[in-house]
Each structure stands twice: as structure tokens, then as C-alpha cells.
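Since the structure comes first, as C-alpha cells, the remarks are kept for the end.
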Amino acid sequence: MAVKFDSINKAHQAFIEKQKMFVIGSAGADGFINVSPKGMDTFKIIDENTVVWLNHTGSGNETSAHVQENGRMTIMFNSFDKAPMILKLYGKATVIHDKDERWEEMSSYFTEFIGTRQFFELKVELVLTSCGFGVPQYKYIGERNKLQKWAEKKGREGMKAYWAEKNVETLDGVLTNVMERSK
């Protein structure tokens, strides 16, 4: 049975902090809906209604365009251990690029990473928990280091060249503004 909350409480925070992975959901008014799994140390709870996640460079940049269009975002956490639960955060997001005033503030929450493309701040309007009884159990083995090695090999200028080639528009052809809003 799903239970609704207006904010992130201490039990929610403890659950979120134990999870090694989360999934982002976003959509524009038209076109494809995007879901994207995330990991590493890229998620922080700022207060009971604000969370931030660091977005590494990736093969696409759908979430950025969607958030700039309408701000809608859902973040989902699943427990894969013996205590099942699904927790979703719903709200309005803002994307922060390195030319934006809040870049340094967002950077202060995370370890520096060459491949940081942008940050997303979500103002949480609804927290929903559900049983997760149908989610299988998995064992966490560890983080992958391939993304970090790839980014370090490319360097910051190589990251920007990659953005210019792969991240300037969505699958639907909507501009992400990653180059215009990056130093």
C-alpha cells in the first residue's frame, strides 16, 4: 500500500542514504519519456524538501532539456536487500550549469569530478513509499570506475568537446543548452 508524505522524514533519509542507486524520470510536453539510472556519490539531501544530484557526462542529456522546459522530475529509490521498499520523490527541478551563479554552491556538496556536466536541484512536493515486494534482491558488489577513468583521460576540455558532439540536443531534437551555459 502506498503512503504519501509532504516531505522527507528521518526514516526516508536513512533509507535513501543506504541505497547505492537511484533512477531519474523526466519528460517534456511531447516526445520520449526519459528514465536514467544513477549511482556513485551523486545524491545529497539538503533539507526535508530539497535534494541535489550531480549529473555526470553521459551519452545523452534528456533530463536537462526536460527540466528547462517544465521542471517535472521524479527520483526513485529501490531497496534490493531483504527489507523491500520503493521510495519516490516528486517535484520541480532546476538545472545548474557551470556558468550559473549557484555552481560553486552545488559543487560544495560533492567531491570534485572532471566529468560533472550539471547539477539538478529538486524541490520535493511529494514523497511516496510503497512495499517493493515485487522487486528482486540483489547483492551490491561495488562501484564501477570506468566513467571516472574515461573522464580523467579526456580532461575537462575533452568533456566539453564530447558535450558539443553528443549532448546539445535530446533524442527529440530539443536543445539542452549545455554549451551555452558552460564555461
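Residue pairs meeting the side chain to side chain donor-acceptor pair (under 3.5 Å) criterion with at least one partner in residues 28-40, sequence neighbours excluded, are Asn34-Thr63, Ser36-Lys38. Legend: ring pair (Phe, Tyr, Trp, His ring centres under 6.0 Å) pairs involving residues 25-52, not counting sequence neighbours, sorted by first then second residue: Phe22-Phe43, Phe43-Phe77.
In plain terms, the two heavy atoms of Ser182 and Lys99 that are nearest each other are O-CE, 3.1 Å. Annotation for Ile75 and Val51: closest pair CD1-CG2, 4.1 Å, computed over non-hydrogen atoms.
With sequence neighbours excluded, the residues forming a side chain to side chain contact (heavy atoms under 4.5 Å, CB included) with Thr129 are Val3, Phe5, His12, Met85, Leu87, listed by chain and number. Val174 meets the side chain to side chain contact (heavy atoms under 4.5 Å, CB included) test with Ala65, Thr170, Asp172; sequence neighbours excluded.
A donor-acceptor pair under 3.5 Å is formed between the side chain of Arg72 and the backbone N or O of Ala27. Under a 3.5 Å cut-off, the side chain of Gln19 and the backbone N or O of Phe15 do form a donor-acceptor pair.
Ion pairing of Lys183 with Asp100 is absent here, as no side-chain N (NZ or NE/NH1/NH2) approaches a carboxylate O to less than 4.0 Å.
The environment of Lys92 atom NZ is dense: over 12 non-hydrogen atoms of other residues, nucleotides or ligands sit within 6.0 angstrom. At most 12 heavy atoms of other shown residues, nucleotides or ligands fall within 6.0 angstrom of atom NZ in Lys88. The 12-atom threshold is not exceeded at CD of Glu101, counting heavy atoms of other residues, nucleotides or ligands nearer than 6.0 Å.
Under the 4.5 angstrom side-chain criterion for Ile, Leu, Val, Met, Phe, Trp and Tyr, the cluster partners of Val168 are Met40, Phe113, Ile114, Leu147, Trp150, Met159, Tyr162, Trp163, Val178, Met179.
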Could you pull out all donor-acceptor pairs under 3.5 Å where a side-chain atom in residues 117-125 meets a protein atom, sequence neighbours excluded?
| residue | atom | partner | partner atom | Å |
| --- | --- | --- | --- | --- |
| Arg117 | NE | Asn55 | OD1 | 3.1 |
| Arg117 | NH1 | Gly60 | O | 2.9 |
| Arg117 | NH1 | Asn167 | OD1 | 2.7 |
| Arg117 | NH2 | Asn55 | OD1 | 2.7 |
| Arg117 | NH2 | His56 | O | 3.4 |
| Arg117 | NH2 | Gly60 | O | 3.2 |
| Gln118 | OE1 | His97 | NE2 | 3.0 |
| Gln118 | NE2 | Asn55 | OD1 | 2.9 |
| Gln118 | NE2 | Asn61 | OD1 | 2.6 |
| Glu121 | OE1 | Arg102 | NH1 | 2.9 |
| Glu121 | OE2 | Arg102 | NH2 | 2.8 |
| Lys123 | NZ | Thr50 | OG1 | 3.1 |

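Side-chain atoms of Phe80 and Asn78, non-hydrogen and from C-beta on, do get closer than 4.5 Å to each other. The closest side-chain heavy-atom distance from Leu89 to Thr74 is not below 4.5 Å.
A donor-acceptor contact under 3.5 angstrom links the side chains of Gln68 and Asn177, judged on distance only.
The CZ atom of Arg181 sits 7.0 Å away from atom OG of Ser64, with the distance rounded to the nearest 0.5 Å.
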Start with the C-alpha distance between Val127 and Asp6, add both sets of side-chain angles, then the distance that settles side chain to side chain contact (heavy atoms under 4.5 Å, CB included), and finish with yes or no. CA-CA 6 Å; Val127 177; Asp6 293 332; over 6 Å; no
